[in-house]
Structures are given as C-alpha cells and as structure tokens.
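Every chain is numbered from 1, with letters handed out A, B, ... down the list of sequences. The structure displayed is predicted, hence computed values, not measured ones. Heavy atoms only: backbone and side chains are in, while hydrogens, waters and symmetry mates are out.
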There are 2 protein chains.
Amino acid sequence: MSEPRRKGNQAHTQEVRISILKAAFSVFSHGGFNGSSLKQVAAKVGISEAGLLHHFNSKVALLNAVLEYRDSVSAEVAETAIKKGLAFPLDWYQVIANTAKNPDVIMFFAVMSAEATNPDHPAHSYFKDRYLRVTNVLAEGFAGMREAGQIAPEIDPEQAAKTLIAISDGLQVQWLLNKNVDLLQGQKDYISLLSAG
Amino acid sequence: MSEPRRKGNQAHTQEVRISILKAAFSVFSHGGFNGSSLKQVAAKVGISEAGLLHHFNSKVALLNAVLEYRDSVSAEVAETAIKKGLAFPLDWYQVIANTAKNPDVIMFFAVMSAEATNPDHPAHSYFKDRYLRVTNVLAEGFAGMREAGQIAPEIDPEQAAKTLIAISDGLQVQWLLNKNVDLLQGQKDYISLLSAG
DNA sequence: GTCTATAAACCGATAGAC
DNA sequence: GTCTATCGGTTTATAGAC
C-alpha cells in the first residue's frame with residue numbers, strides 16, 4: 001500500500017508478520033489478552049519486543065490483526081464445507097470437527113470470548129458482533145430444517161441457534177478442563193431431540 | 001485459631017475481611033484474575049494495598065479465599081432450595097434464577113472458568129473439580145427423572161448433565177455480550193425436549 | 001490493623017544505532 | 001527490519017513507623 005519495495009523484502013516481511021500472528025494466537029490462547037505479554041510472543045517468534053512492535057504498533061493492534069487473521073482462516077474452512085455440498089447441520093459439524101483438531105483454537109475462543117464480555121476489553125465489540133453473526137447463520141439453518149419438515153414447526157429457529165451455540169461453547173470449556181467430554185455428541189443429540197419432538 | 005484477642009477486634013477484622021472478599025469478587029468479575037489488580041480491590045474497599053495484604057498474604061491467597069467464600073454462599077442457596085422441598089429440575093432453576101439476580105456472579109464464573117482452563121491458572125484445579133461435582137449432582141437428578149419415567153430411558157444422565165451445564169454456561173456468555181438471551185428458557189426447553197423424546 | 005515508602009520485577013512502547 | 005537501551009508506568013509484595 002505504501003512505497004514499492006523489492007519483492008524479496010515484501011515477501012520476507014509478510015512471512016514474519018504471519019509467524020508473529022501464529023505465535024500471538026498461541027500465546028493468547030493460553031493466557032487470554034490480559035494474561036499474555038508481548039515478551040512471550042516475541043520469544044516464541046525468536047525476535048525482540050521492539051522487532052515485534054515494528055510490525056504491529058501496539059498490543060491491541062496485534063490482537064485485532066490476530067482476530068482478522070483467524071477470520072480469514074474460518075472463511076476458508078466454511079468455503080470448503082460449501083464446496084463439499086454440505087448443508088446444515090452437516091456443515092456446522094464440519095466446522096466443529098475442524099476446530100477440534102487444534103486445541104489452541106478452542107482455547108483462544110473460549111478464553112477470549114469470556115474475557116471480552118467486559119465492555120472495556122479491546123475485543124468486546126468483535127465478539128458481540130461475532131455472536132450475532134453466527135446466531136443468524138444457524139437460525140437460518142434451523143429455519144430451513146423446519147421448512148423441510150426435519151424439525152417440529154413449534155421450534156423457534158433463533159432460540160435453537162442460541163442454544164446450539166451455547167452447547168458448543170459450554171462443552172468446549174468443560175473439555176478444556178476435563179477431557180471427558182465429546183465436543184460433537186452433545187450437539188448431535190440436541191438436534192436429534194429437535195427432530196424427534 | 002491463633003492467640004485469643006479482644007472480641008471487638010476480632011469482629012472488626014472479620015468485617016474488613018468480608019468487605020475485601022466482596023470487593024475482590026466484584027473486581028475479579030469484570031477483569032478476571034489476570035486483568036485485575038490489588039490496587040483496584042483496595043480502592044474499592046477504601047484501604048491501601050498494604051492494608052489489604054495484611055488480611056490476605058498474596059493475590060493468589062485472596063483468590064482462593066474468594067472461591068471459598070462463594071462456595072459458602074452457594075451452599076446457602078442450595079440449602080434454601082432443599083428446605084423449600086424443591087426437587088430436580090426445579091431446584092436447579094432456583095439456583096440459576098438466584099444467580100441471575102446478580103450479574104457479577106454470572107460474570108465471575110464465566111470469565112474465571114474460561115481463564116482457569118489454563119493449567120497454570122491458580123484456580124485451575126478448583127474449576128476442574130467444580131465441573132465434576134456439578135456434573136454428578138445433575139446426572140443424579142436426570143437419573144431420578146429417568147427412573148420416574150419423566151424422561152426417555154435411552155437418555156444418558158451424564159451426557160444430559162454435561163449438556164445442561166453447557167447450555168447454562170454458554171447462554172451466560174451470550175447474555176453478557178448481548179442481553180438478547182433468556183438465561184432460563186433455553187434450559188427449560190432442553191429438559192422439555194428430553195421429556196417429549 | 002493500617003499506613004507510607006520502597007523494593008524488585010515486569011509491562012507496553014519509544015529512540016536511535018546498525 | 002532488527003537490534004540494544006531506556007523511559008515511564010504498573011505490578012505484587014515487603015519493611016517499618018504509628
């Protein structure tokens with residue numbers, strides 16, 4: 001976007017940026033935003049704090065970049081589900097199963113979304129919007145199932161969406177504390193119940 | 001426990017201790033453990049940091065005392081539900097409804113349980129145990145309903161317990177971010193579904 | 001029991017050399 | 001682009017006067 005440079009430098013800068021984002025994601029996963037320091041992130045990348053701050057002006061800027069980076073990854077996952085021709089709720093299971101492959105992803109969103117309930121948290125509005133967005137997507141999914149006669153007509157799609165998200169989030173916290181939980185089963189059971197009702 | 005003192009001093013000390021615990025609970029509710037400082041707690045009580053540390057030797061000791069204090073409050077709530085002769089799931093609804101009266105309580109457990117998924121967190125084992133304990137209580141409740149023919153025989157009480165806790169926890173996070181969620185309805189709907197299935 | 005003062009470490013961020 | 005050095009602020013915790 002700024003002055004043009006040698007392609008070699010641009011490529012290298014981009015590589016470092018991404019390695020910082022990955023390291024920050026991992027560090028934030030364990031300690032949240034408040035419980036993590038730039039020193040930890042820098043150490044994980046193998047550079048100095050000042051070196052890190054050359055790529056991201058502040059800790060908050062780094063967090064925002066991490067959130068943006070994760071969104072692009074999520075979009076990719078969603079796209080492949082669409083390409084496979086999966087319809088709700090199968091595409092949703094696909095997303096969860098994909099998430100479960102990387103515990104850091106589960107930790108990040110569990111810890112960060114709870115931390116971000118504080119209105120002063122830098123990611124507050126991000127998670128606020130995120131929940132509304134995901135709720136709408138799932139509510140549309142349930143509405144489609146209702147039209148297709150796959151779930152009872154008296155089910156409120158929006159309420160079902162919020163509940164499914166709650167089950168997903170809640171089981172993830174339990175899973176992080178005690179690994180005696182199946183992340184998918186509870187959600188499948190719930191949708192089965194909706195179908196049987 | 002140590003040397004005996006004047007009753008007047010003891011009473012005053014106890015009062016200050018409890019006011020510190022209440023202040024700490026409120027501060028931790030908003031920022032979690034990592035995002036809160038002793039300065040904030042001390043300011044809320046109206047004493048100095050050193051004054052606070054006279055009553056609790058360290059920040060971790062304060063957190064442990066807060067958790068212990070909350071357990072005693074919870075036990076009190078559970079007892080009154082028992083005295084009212086409420087059986088599962090009505091007693092559980094009672095606990096949730098009571099919790100919902102104080103948003104700080106919801107914030108505290110939502111933020112702290114997520115933060116405590118980190119094995120290095122001082123409250124890690126507390127929340128680990130807490131989930132196992134609550135899961136057992138609710139699983140017994142569902143087992144009782146199954147024996148009484150109130151839910152289908154093929155329902156797994158433990159899985160249902162974990163799911164109900166997940167719904168409760170998950171909806172609380174959503175409620176903290178966007179107040180467009182009913183904390184009780186999702187849980188009542190779920191148990192209704194189990195009964196109908 | 002509460003205070004002031006302070007230690008010692010860590011934090012995010014900046015300045016400037018290379 | 002990365003580094004060392006450093007500033008200014010905050011953190012938990014201690015020492016010691018009252």
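- For DNA chain D, the neighbouring residues in residues 40-51 of chain B, judged by any heavy atom under 4.0 Å, are B:Glu49, B:Ala50.
- Listed by residue number, the members of residues 54-66 of chain B with any heavy atom below 4.0 angstrom from DNA chain C are B:His54, B:His55.
- Dashed line: the shortest gap from a side-chain N or O of B:Thr13 to OP1 or OP2 of C:dG1 is under 4.0 Å.
- Whole-Å rounding puts the A:Leu53 CG to D:dT6 P distance at 18 Å.
- B:Val105 approaches B:Phe25 most closely through the heavy-atom pair CA-CZ, 3.8 Å.
- The main-chain N or O of B:Asp182 is never found under 3.5 Å from a side-chain atom of A:Lys162 such that the two would form a donor-acceptor pair.
- Judged by distance alone, with hydrogens and angles left aside, the side-chain atoms of B:Arg146 form a donor-acceptor pair with the main-chain N or O of B:Pro153 at under 3.5 Å.
- When the P atom of D:dT4 is taken as reference, atom NZ of A:Lys39 falls 12 Å away, rounded to whole Å.
- A side-chain hydrogen bond (donor to acceptor under 3.5 Å, both in side chains) check over residues 68-84 of chain B, counting only residues at least two apart or in different chains, returns the pairs B:Asp71-B:Tyr126.
- Applying the side-chain hydrogen bond (donor to acceptor under 3.5 Å, both in side chains) definition to pairs two or more places apart or across chains, those involving residues 85-110 of chain A are A:Ser26-A:Asp104, A:Trp92-A:Gln187.
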**Asked** side chain to side chain contact (heavy atoms under 4.5 Å, CB included) between B:Asn118 and A:Val111: does it pass, once the steps are laid out?
**Response** CA-CA 9 Å; B:Asn118 185 336; A:Val111 175; over 6 Å; no
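- One end of the helix from C:dG1-D:dC18 to C:dC18-D:dG1 points its axis 10° away from the other end's axis, with each axis taken from 5 pairs and the angle rounded to 10°.
- Here D:dT11 presents its P atom at 9 Å from CG of B:Leu38, a figure rounded to the nearest Å.
- The line from CG of A:Leu183 to OG of A:Ser168 is 7.5 Å long, rounded to the nearest 0.5 Å.
- Counting to the nearest Å, the C1' atom of D:dT4 and the CG atom of A:Leu52 are 16 Å from each other.
- Below 30°, between 30° and 60°, or above 60°: for A:Phe108 and A:Phe28 the angle between ring planes is between 30° and 60°, a tilted geometry.
- Annotation for B:Gln185: atom CD counts as buried by contact number, over 12 foreign heavy atoms lying within 6.0 Å.
- Scanning all heavy atoms of the two residues, the minimum distance from A:Leu194 to A:Ile155 falls at CD2-CD1, 3.5 Å.
- Membership of the apolar cluster around B:Val77 extends to B:Val95, as traced through chained side-chain contacts below 4.5 Å between ILVMFWY residues.
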